[in-house]
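Structure first, commentary second.
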Amino acid sequence: MKLIADAGGTKCHWAVAERRDGIITTSGINPVTMSPTETARVLRDELLPALHGDGVSAVYFYGAGCIEGASATKELERSLCEIFRDATVGVHSDMLGAARALCGRERGVACILGTGSNSALYDGENLAANVPPLGYILGDEGGGACIGRMVVADALKGLMPRETVEAMFAECGTSYGDIIENVYRRPNANRFLASFVPFAVRHIAQPEIARCVDRAFEAFVERNLLQYEGITSVPVHFTGGVAAVFESRLRDVLGRYSITVGCVEASPIMGMVRYHTDEK
């Protein structure tokens, strides 16, 4: 049977192509931040028991931090091969996984909008071009951290009604001091900023909140999508929680640039299954 993984640093979703009994969720696997020992523990203690001893013939692993030819990626591949000794193993980037899930074997642009953001032009088989995402400080336009930063900054700068700011403090359980502390003095500032996305979803009817979301998507278009040649002649597909919850606004913003939005899916895992079960 074929085992397909969509891996992030926090969670990893696994699907067995031949089974229809749901997705297996384990702790995240990222070869850049985890040792082979940590990876082996997740595979042995969390994944294998959920497979109930079924034989695995192929593993298709798509994940954050998986860079072609990098030593950490090769270590992850070795760990998978040690666990699944009779299987062929392929380890690929989450961006290629998203492209295969969203575009199948057709040309298009695939985008990830989650805590961060990424995009790539896909030729139907491989990634043909990629504008580097650069992380939440230099890039990640349109992602959750970017939207959260805009909402928080506008709130603290006095660019939102007082009642909106008070609602943000109350609903998010934070304060001016807490925000400064989390952004500048504690780790994972990107995740902290992205935690304001649910607040933005609940208050999207507020013009000031809607403008923050639109500005984030406009930056994603102008600093990423418009760099792909022929962007208005191919469908642009999206995956990720931010894309899913703001789908309507996302379609509206891209429409202003004459860009055609194709499918929008919260998770790419079932698209990955379709790709690997619909052989040429």
Side-chain angles (χ1 to χ4, degrees), residues 8-11 28 30 33 64-65 94-95 98 111-119 130-227 238-254 256-257 264 266:
T10 303
K11 293 180 181 180
N30 185 321
T33 59
D94 56 349
M95 192 65 251
C111 307
I112 301 172
L113 292 184
T115 298
S117 69
N118 202 353
S119 64
N130 170 242
V131 177
L134 298 183
Y136 77 102
I137 294 177
L138 299 179
D140 275 355
E141 299 87 0
C146 174
I147 291 172
R149 176 173 56 80
M150 289 183 171
V151 169
V152 168
D154 280 11
L156 299 187
K157 288 278 189 180
L159 299 174
M160 291 187 182
R162 182 175 179 179
E163 56 269 24
T164 302
V165 178
E166 291 175 349
M168 183 186 76
F169 287 153
E171 292 179 31
C172 299
T174 191
S175 65
Y176 180 99
D178 287 340
I179 291 171
I180 299 302
E181 176 76 14
N182 277 280
V183 170
Y184 292 107
R185 297 178 62 86
R186 295 182 183 173
N188 301 316
N190 58 329
R191 294 183 187 177
F192 173 76
L193 291 170
S195 72
F196 289 88
V197 168
F199 173 80
V201 173
R202 292 191 298 271
H203 295 270
I204 194 64
Q206 292 280 341
E208 295 82 7
I209 299 291
R211 276 200 296 272
C212 288
V213 175
D214 286 357
R215 280 161 45 208
F217 290 156
E218 288 164 2
F220 180 75
V221 173
E222 293 174 4
R223 296 173 62 82
N224 297 274
L225 295 185
L226 293 184
Q227 294 198 57
F238 289 85
T239 188
V242 168
V245 297
F246 292 120
E247 178 177 353
S248 177
R249 301 206 72 84
L250 182 63
R251 289 182 180 276
D252 286 347
V253 169
L254 269 66
R256 298 176 208 156
Y257 295 85
V264 178

I need the F199 CZ to C172 SG distance, nearest 0.5 Å.
6.0 Å
How long is the span from the CD atom in E166 to the CE atom in M168, to the nearest 0.5 Å?
10.5 Å
Are more than 12 heavy atoms, taken from residues, nucleotides or ligands other than F169, located less than 6.0 Å from that residue's CZ atom?
yes
Looking only at heavy atoms, which two atoms of T239 and A98 are closest? And how far apart?
CG2-CB, 4.0 Å
Look at the side chain of D140 and the backbone N and O of S117, then say whether any donor-acceptor pair between them is shorter than 3.5 Å.
yes
Just so I know, are the side chains of L113 and F246 near enough to count as touching, which here means a heavy-atom distance under 4.5 Å?
no
When rounded to the nearest 0.5 Å, the distance separating CG of L225 from CD of E218 is 12.5 Å
Let me see the working for S119 and Q227 under side-chain contact (heavy atoms from CB on, under 4.5 Å), right down to the final yes or no.
CA-CA 11 Å; S119 64; Q227 294 198 57; over 6 Å; no
Closest heavy-atom contact between R223 and V131?
O-CG1, 3.8 Å
Under 3.5 Å, is there a donor-acceptor pair between the E222 and Y257 side chains?
yes
Within residues 188-211 or reaching into it, pairs that qualify as salt bridge (Lys or Arg N to Asp or Glu O under 4.0 Å) - sequence neighbours excluded:
E171-R202
If I compare all heavy atoms of M160 with all of C212, which pair ends up nearest, and what's the gap?
CE-SG, 3.8 Å
Would you name the heavy atoms of A167 and H203 that are closest together and state the gap between them?
CB-CE1, 4.3 Å
Please round to the nearest 0.5 Å and tell me the distance separating atom CG of L254 and atom CZ of R249.
13.0 Å
For N130 and N118, what are the C-alpha separation, side-chain angles and deciding distance, and is it a side chain to side chain donor-acceptor pair (under 3.5 Å)?
CA-CA 8 Å; N130 170 242; N118 202 353; 3.1 Å; yes
Kindly give the heavy-atom pair with the smallest separation between I204 and A210, and that separation in Å.
O-CB, 3.6 Å
Atom pair CZ/OG1 of F196 and T174 - distance to nearest 0.5 Å:
5.0 Å
Sequence neighbours left out, cut at 3.5 Å: what donor-acceptor pairs do the side chains of residues 143-159 make with other protein atoms?
{"unit_1": "D154", "atom_1": "OD2", "unit_2": "R215", "atom_2": "NH1", "d": "2.9"}

Between F192 and I179, is the side-chain contact (heavy atoms from CB on, under 4.5 Å) condition met? List the steps.
CA-CA 9 Å; F192 173 76; I179 291 171; 4.1 Å; yes
Between CZ on residue F238 and CG on residue L250, distance to nearest 0.5 Å:
4.5 Å
When the side chains of residues 180-188 are checked against the rest of the protein, which donor-acceptor pairs come out under 3.5 Å, sequence neighbours left out?
{"unit_1": "E181", "atom_1": "OE1", "unit_2": "R185", "atom_2": "NE", "d": "3.4"}
{"unit_1": "N182", "atom_1": "ND2", "unit_2": "D178", "atom_2": "O", "d": "2.8"}

Applying side-chain contact (heavy atoms from CB on, under 4.5 Å) to F220 and V253, what does each step give before you reach the verdict?
CA-CA 10 Å; F220 180 75; V253 169; over 6 Å; no
Non-hydrogen atoms of V264 and E247 that approach each other most closely
CB-CD, 3.8 Å
